[in-house]
Protein chains: 2
Amino acid sequence: MDQLLFWVIPVASILALGFAWHFHRQMMKESEGTPQMMKIAAAVRKGAMSYLKQQYKIVGMVFLGLVILFSIMAYGFDVQNHWVPVAFLTGGFFSGLSGFLGMKTATYASARTANAARASLNSGLRIAFRSGAVMGLVVVGLGLLDISFWYLLLNAVIPADTLTPTHKLCVITTTMLTFGMGASTQALFARVGGGIYTKAADVGADLVGKVEAGIPEDDPRNPATIADNVGDNVGDVAGMGADLYESYCGSILATAALGAAAFIHSGDTLMQYKAVIAPMLIAAVGILLSIIGIFAVRTKENATMKDLLGALGFGTNLSSVLIVIATFFILWVLKLDNWMWISCSVVVGLLVGIVIGRSTEYYTSQSYRPTQKLSESGKTGPATVIISGIGLGMLSTAIPVIAVVVGIIASYLFASGFDFSNVGLGLYGIGIAAVGMLSTLGITLATDAYGPIADNAGGNAEMSGLGAEVRKRTDALDSLGNTTAATGKGFAIGSAALTGLALLASYIEEIRIGLTRIGTTEITVGGTSVPLQDATFFDFMHYYDVTLMNPKVLSGMFIGSMMAFLFCGLTMNAVGRAAAHMVDEVRRQFREIKGILTGETEPDYARCVAISTKGAQREMVVPSLIAIIAPILTGIVFGVPGVLGLLIGGLSSGFVLAIFMANSGGAWDNAKKYVEEGNFGGKGSEVHKATVVGDTVGDPFKDTSGPSLNILIKLMSMVAIVMAGLTVAWSIF
Amino acid sequence: MDQLLFWVIPVASILALGFAWHFHRQMMKESEGTPQMMKIAAAVRKGAMSYLKQQYKIVGMVFLGLVILFSIMAYGFDVQNHWVPVAFLTGGFFSGLSGFLGMKTATYASARTANAARASLNSGLRIAFRSGAVMGLVVVGLGLLDISFWYLLLNAVIPADTLTPTHKLCVITTTMLTFGMGASTQALFARVGGGIYTKAADVGADLVGKVEAGIPEDDPRNPATIADNVGDNVGDVAGMGADLYESYCGSILATAALGAAAFIHSGDTLMQYKAVIAPMLIAAVGILLSIIGIFAVRTKENATMKDLLGALGFGTNLSSVLIVIATFFILWVLKLDNWMWISCSVVVGLLVGIVIGRSTEYYTSQSYRPTQKLSESGKTGPATVIISGIGLGMLSTAIPVIAVVVGIIASYLFASGFDFSNVGLGLYGIGIAAVGMLSTLGITLATDAYGPIADNAGGNAEMSGLGAEVRKRTDALDSLGNTTAATGKGFAIGSAALTGLALLASYIEEIRIGLTRIGTTEITVGGTSVPLQDATFFDFMHYYDVTLMNPKVLSGMFIGSMMAFLFCGLTMNAVGRAAAHMVDEVRRQFREIKGILTGETEPDYARCVAISTKGAQREMVVPSLIAIIAPILTGIVFGVPGVLGLLIGGLSSGFVLAIFMANSGGAWDNAKKYVEEGNFGGKGSEVHKATVVGDTVGDPFKDTSGPSLNILIKLMSMVAIVMAGLTVAWSIF
């Protein structure tokens, strides 16, 4: 019975892929509209695909380098698990594939959404949302498929004769964890490259088009406008998808590894097995409930904006409520020890996600005081808009941090049976909370991916010269997308933080494996020898002296905090430089190609696309390499305590910094919109100009540097996990 | 012999006060210039003093509340050292006194500097610098006097009969440490209130005066101009002085406590005594060398700008070189164990200070590429100036963090005899490095305080309508002050970080005392009982499980990181709000009082001063209380592990955030100056306007929020130290 339950997991993943295929086919059957609409859609699609090709080239080179490195470590020096090079490749491949499929769907969907909006708001919403759902379902489907595949494979090939059954499951789960490294690396380039691309194009288009030439957003006369639309796809669809693919897989795998570790010396193989498959089962059932939620998103004809928001909200809320009930049921069926309280940890995760989402909405939506006051600060010019926006973003970090802290403590206490010293189960509880938060990713990611599709539909409508009525409908869809995008960002950061914690905890398990590999059989803790296989978290912490007064830990923490800022600084500057190239090019075209501004000549869109592609390609390399190298170097210099300091310093600073940047950026964006809605003088006023400066500054905050931090948090942990073998075998201090 | 050596300390402190008195008298003998100059100086002085009076009122109330709280804890519940309430008061009193004296001198000196500049650049420099030296010497003099006084008093009154000699010295040093809490609380209000005051006035004056009315800086027609000059005194003189008074005392006291702890179970009373007085002796000799350095600052008549910079540099470098030699000599005379390597830790501290200072200069001076490129980014408008400036500041965190990390490791290894497990001496080494960095504070603070005096002299010259030649000289003095202010800020942050670390380490000693107080005689570590008095750092860490996988530690760290951002956000918003009031008032005066802009009527300066005072007074309360309450609350909820997590999270994030904000702000300031020097279009160009926006945003970055973080870092540790008794006696989890 318990063995049979496992099969729910691959079945759910295939079901997800099946529905993704179904939604994709449904969408493709719709008409792409007028020849002009098709032409624009094709240009955006071509630009997006050509960018993705470039990105995959660079990622391919980095993967090649890393595979060689891992192979030398695994087969040459034997300081690493032999499966790592292969697992790394599949993780990267599936992550890349889900980004590719999701983005391809999105680029086909935008013109169709615009065309459907000509008929009604409702049909526009349906196409955009179901196309977004393709991304959501592909991510969870491929993620869970990869997990099932590796679980079955390793279970079959790892010889059980030299290991006790409980240790075998530990080896399987820690090995599987390393495939997350591939997903992380892919996500890094997708988020960083995509983030740079989209904001270089956006900032460049805005600065010359809106500010200097005074033409509206998405105006076909702006040479950078196609690049801007391409950017939405590569940044907000492919980048966001890769980011959450990583969180999804990372949280499930880390929790499985923590579950295996928690029962390592109980001898209770069955309970250990249950703890390992519990997160996968919750995720699998979450897929089914996401599909139900997706189908529940439907409105009556002639729906108002509020109805639309209500429709999306109903779908996600339905899935959330159902997953809570389902979790209690699953864990009861599994008869997992302490099932009721562990289910509560899942609820904690969901609640943390909701609190962060609501807090993001409060601080960034123009329906609330903070953003309205931010608009008002435009009365004294752009400088006060920037000061107030930074102040707002910094203040907005309080609620999410408190939510995460309460979440950590509550999920830990629930799972550990209210016993702080029961570290193994407590950390498992934190992992389970992360899985709970991400369990309905199928539908939450659908609402995220909906945003850029609607945005592109609006762009297409504007450039194709569709009527004011259609443009009004696509604006409504776009505006809805902005709201879901802001909460989606909060969700992505929150899930990254919990996943980061779970990964961090599972790092210790990799240390155990690493020590075994170099022939260590016992560790000395407080004068007594403990067999390596029986050592607890507590033992490892004390063996390596991972206490706060160890200067190696302190050093690691300072470096970790600095890494978050350095990484942001590099990506901010990257956007600045790439945008400057774009500005030069747009100015050049306005100057040299006669008749652009009168609409007589078509600008050279392709050249702007090429510039953004090249800029992103060039600029993504340095920050990405630094993120990979820092944990390796810290490990070589300061060993295990330094690495743990680095990870926690990076996690705590990075999380707070990411919330700050995302919320400042979101608030600036909406403060500008609030003025455009006619407040404080409306469009064209001095206040509007001041808020446009805020919006432009906010672009890289919310769409490049902030989201890239999610990746940094998880990737540094992943690199540490994969490099654990090297770190235990060799470090300077 | 060794007992006699102690007397060097009070003698040096009295010498410092004597020279301060001498420099003050010398300055007072000079003429204050024309009646107009005297009138302006009197207005600034009056404004500054009336602000300080308001600030002391609020501080007085907070002190009253805290003294009552501490008294209840000490005499009522007996969970705290009985000396704390009194020690707290003297710390606060001396800190306030040094701020008061330093600022009083500065406000008398500015008109005299301007008047002397009418004669020559050189005499202007001499008056301004020696008046700055009053501040430097008062701070170190009063600081060391307070330390000597308490050492002698406690040595006399603490009964030795119930304690072994080594334990007595531990009790003395940990008790003394709590007087730093008074200094911290005073510094908090001085930095936060002063920071808000100065930038509300500055931003308000700039936004209406420079940007809207188009009149130059310090123009007498601007109603906020006196308030702006008052702000320089209350923020940059009194605030900076209180900040460094706290670092100075905190580092010496924490190091003494660490020295006492390191020898607690050696039974070697003499060596312990030496370890305790070593930091005080280094500081005492540092005072003498600072005085020598101050006298060495002199230039020939008709000195060029480079000569001036060289003169200041010569003074500080001379003191630094001499203190290195002197340290080796002092510790050799003391015959402190391992004296040679411990002296090397002092050198490490000095070097870290220099590296941070140079790095600050590189990133913020218009002589180098980063700031020049920042100016260039103004070509594409204010938004790109902000993006590039934030990018620059974030990147600039790398070198200081690496310097601090290398400093931590090196000073720890030197002092511990290259043995990581020798935690007691290792942490003592980190403390000694902080003392080394601050040993020549007498002269470094003189160069800092010189800046605002020169700035005010320039303001006075402009408002008094002195000739272009004089104005050019005061501009040169002011420009020199900007350079020293930037490096001074880096120095203040660096010293706060090292002092914070030393305080953090000495927190454990307070835990020991706190446990004794509640009757604990032994702690259980890894199954074995350790007598409390013999427990090592390592034992405490493991007894409380202060490891990185303890969810209480993790929670504390998240809250600590958040605190840094929250505190910055609150102070940023405070400046925004207070500046808005100022803008309204200046606009009102321009509108309602006829003839201001033509120079026929004098604006109502006093009203602007009152608005800034009231704004600062109102706005300083919330952030200040949060900084005091957070560690208390964290202690009550999460106990010792939570508090340590909070402190380290706040320290690592706060340090990096402070560097980022200070350097972004400094670079924006100088990027504007670089444009004003005629680059990229010069004054009045679009590029200039864009960089003015950057400069305005940078004001609260570099002068309010950034510096306030120094206080947050140290104050949270101080509160934790004072509250240690409560935390060990009672916490929820």
Side-chain angles (χ1 to χ4, degrees), chain A residues 207 211 377 380-384 386-388 390-391 394-395 397-398 401 404-405 408-409 412 420 423 426-427 505 525-526 537 541-542 546-549 551 553-555 557-559 561-562 565-566 568-570 572-573 575-576 579-580 583 644 648-649 652-653 656 660 693 696-697 700 733, chain B residues 207 211 377 380-384 386-388 390-391 394-395 397-398 401 404-405 408-409 412 420 423 426-427 505 525-526 537 541-542 546-549 551 553-555 557-559 561-562 565-566 568-570 572-573 575-576 579-580 583 644 648-649 652-653 656 660 693 696-697 700 733:
Chain A
L207 281 177
V211 180
S377 72
T380 37
T384 39
I386 302 295
I387 292 176
S388 306
I390 288 176
M394 286 177 159
L395 289 187
T397 60
V401 167
V404 164
V405 165
I408 290 173
I409 297 290
Y412 185 99
F420 269 114
V423 187
L427 294 176
V525 180
F537 272 98
M541 286 292 129
H542 294 195
V546 191
T547 64
L548 290 187
M549 279 300 130
V553 173
L554 290 172
S555 298
M557 289 188 49
F558 273 103
I559 298 173
S561 292
M562 179 267 276
F565 282 83
L566 181 65
C568 271
L570 287 170
M572 290 286 284
N573 279 350
V575 170
V583 166
L644 277 165
I648 295 196
S652 59
S653 295
V656 184
F660 153 53
V693 172
T696 312
V697 172
F733 287 134
Chain B
L207 280 178
V211 180
S377 72
T380 38
T384 38
I386 302 294
I387 293 175
S388 307
I390 289 175
M394 285 178 160
L395 289 188
T397 61
V401 168
V404 165
V405 165
I408 290 172
I409 297 289
Y412 184 100
F420 269 113
V423 187
L427 295 175
V525 179
F537 273 97
M541 288 290 130
H542 292 194
V546 193
T547 64
L548 290 188
M549 279 299 130
V553 173
L554 290 173
S555 298
M557 289 187 51
F558 272 104
I559 298 173
S561 291
M562 180 266 278
F565 283 83
L566 181 65
C568 271
L570 287 169
M572 289 287 283
N573 278 351
V575 170
V583 165
L644 277 165
I648 295 195
S652 59
S653 295
V656 184
F660 153 52
V693 172
T696 311
V697 172
F733 287 133

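In what follows, every chain begins at residue 1, and chains take the letters A, B, ... in the order their sequences are listed.
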Review point. Which pair of non-hydrogen atoms, one from A/Cys568 and one from B/Met394, has the smallest distance, and what is that distance?
Key: CB-SD, 3.4 Å
Review point. Can you name the closest pair of heavy atoms from B/Ile408 and A/Ser555 and give their distance?
Key: CG2-OG, 4.3 Å
Study note, to complete from the structure: Whatever's closer than 4.5 Å to a heavy atom in chain B on A/Leu554 counts as side chain
Study note, to complete from the structure: When rounded to the nearest 0.5 Å, the distance separating CG of A/Leu395 from CG of B/Leu566 is 6.0 Å
Exercise for review: Side chain from CB out, backbone as N, CA, C, O: work out which of these in B/Val583 comes under 4.5 Å of a heavy atom of chain A, or both, or neither.
Suggested key: side chain
Revision key, fill the gap. Between B/Val656 and A/Ser561 the two heavy atoms that sit nearest each other are CG2-CB, 3.8 Å
Point to revise | Which atoms of A/Val575 approach chain B - backbone, side chain, both or neither, heavy atom under 4.5 Å | key: neither
Review point. With only heavy atoms counted, which part of A/Pro551 is less than 4.5 Å from chain B, the side chain, the backbone, both or neither?
Key: both
Exercise for review: Check each atom of A/Ala580 against the heavy atoms of chain B and say whether the ones under 4.5 Å are side chain, backbone, both or neither.
Suggested key: neither
Point to revise | Closest non-hydrogen atom pair between B/Ile387 and A/Pro700, with its separation | key: CD1-CG, 3.7 Å
Exercise for review: Classify the side-chain pair B/Thr547/A/Thr547 by whether it contains a donor and acceptor separated by less than 3.5 Å.
Suggested key: no
Exercise for review: Would you mind checking which part of B/Leu548 comes under 4.5 Å of any heavy atom in chain A, side chain (CB onward), backbone (N, CA, C, O), both or neither?
Suggested key: both
Study note, to complete from the structure: Counting heavy-atom pairs under 4.5 angstrom with chain B, the leader among A/Thr397, A/Val423, A/Thr384 is A/Thr397
Review point. When you look at A/Met557 and B/Met557, which way does the side-chain contact (heavy atoms from CB on, under 4.5 Å) test go after all the steps?
Key: CA-CA 10 Å; A/Met557 289 188 49; B/Met557 289 187 51; 3.0 Å; yes
Exercise for review: Kindly compute the distance separating CD1 (B/Ile386) from CD1 (A/Ile390), expressed to the nearest 0.5 Å.
Suggested key: 7.0 Å
Check your understanding: Measuring heavy-atom distances to chain A, does B/Tyr412 have an atom under 4.5 Å in its side chain, in its backbone, in both, or in neither?
Key -> side chain
Exercise for review: Against chain A, work out which of B/Leu644, B/Ile409, B/Thr696 has the most heavy-atom pairs shorter than 4.5 Å and name it.
Suggested key: B/Ile409
Practice item. Could you look at B/Val401 and say if it's the side chain, the backbone, both or neither that has a heavy atom under 4.5 Å from chain A? Key: side chain
Check your understanding: Which residue out of B/Gly391, B/Ser388, B/Pro382 racks up the most heavy-atom pairs below 4.5 Å with chain A?
Key -> B/Gly391
Exercise for review: Check each atom of A/Val697 against the heavy atoms of chain B and say whether the ones under 4.5 Å are side chain, backbone, both or neither.
Suggested key: both
Exercise for review: Name the orientation class of the two ring planes belonging to A/Phe565 and B/Phe660 (parallel below 30°, tilted from 30 to 60°, perpendicular beyond 60°).
Suggested key: tilted
Point to revise | Side chain, backbone, both or neither of B/Val525 within contact of chain A (heavy atoms, under 4.5 Å) | key: neither
Check your understanding: Which answer fits B/Ile559, side chain, backbone, both or neither, if we ask what part of it has an atom under 4.5 Å from a heavy atom of chain A?
Key -> both
Check your understanding: What part of B/Leu570 is in contact with chain A, defined as an atom under 4.5 angstrom from a non-hydrogen atom: side chain, backbone, both or neither?
Key -> both
Exercise for review: Pick one of side chain, backbone, both or neither for A/Val546, based on which atoms fall under 4.5 Å of a heavy atom in chain B.
Suggested key: both
Check your understanding: Non-hydrogen atoms of chain A under 4.5 Å away: do they reach the side chain of B/Ser653, the backbone, both or neither?
Key -> both
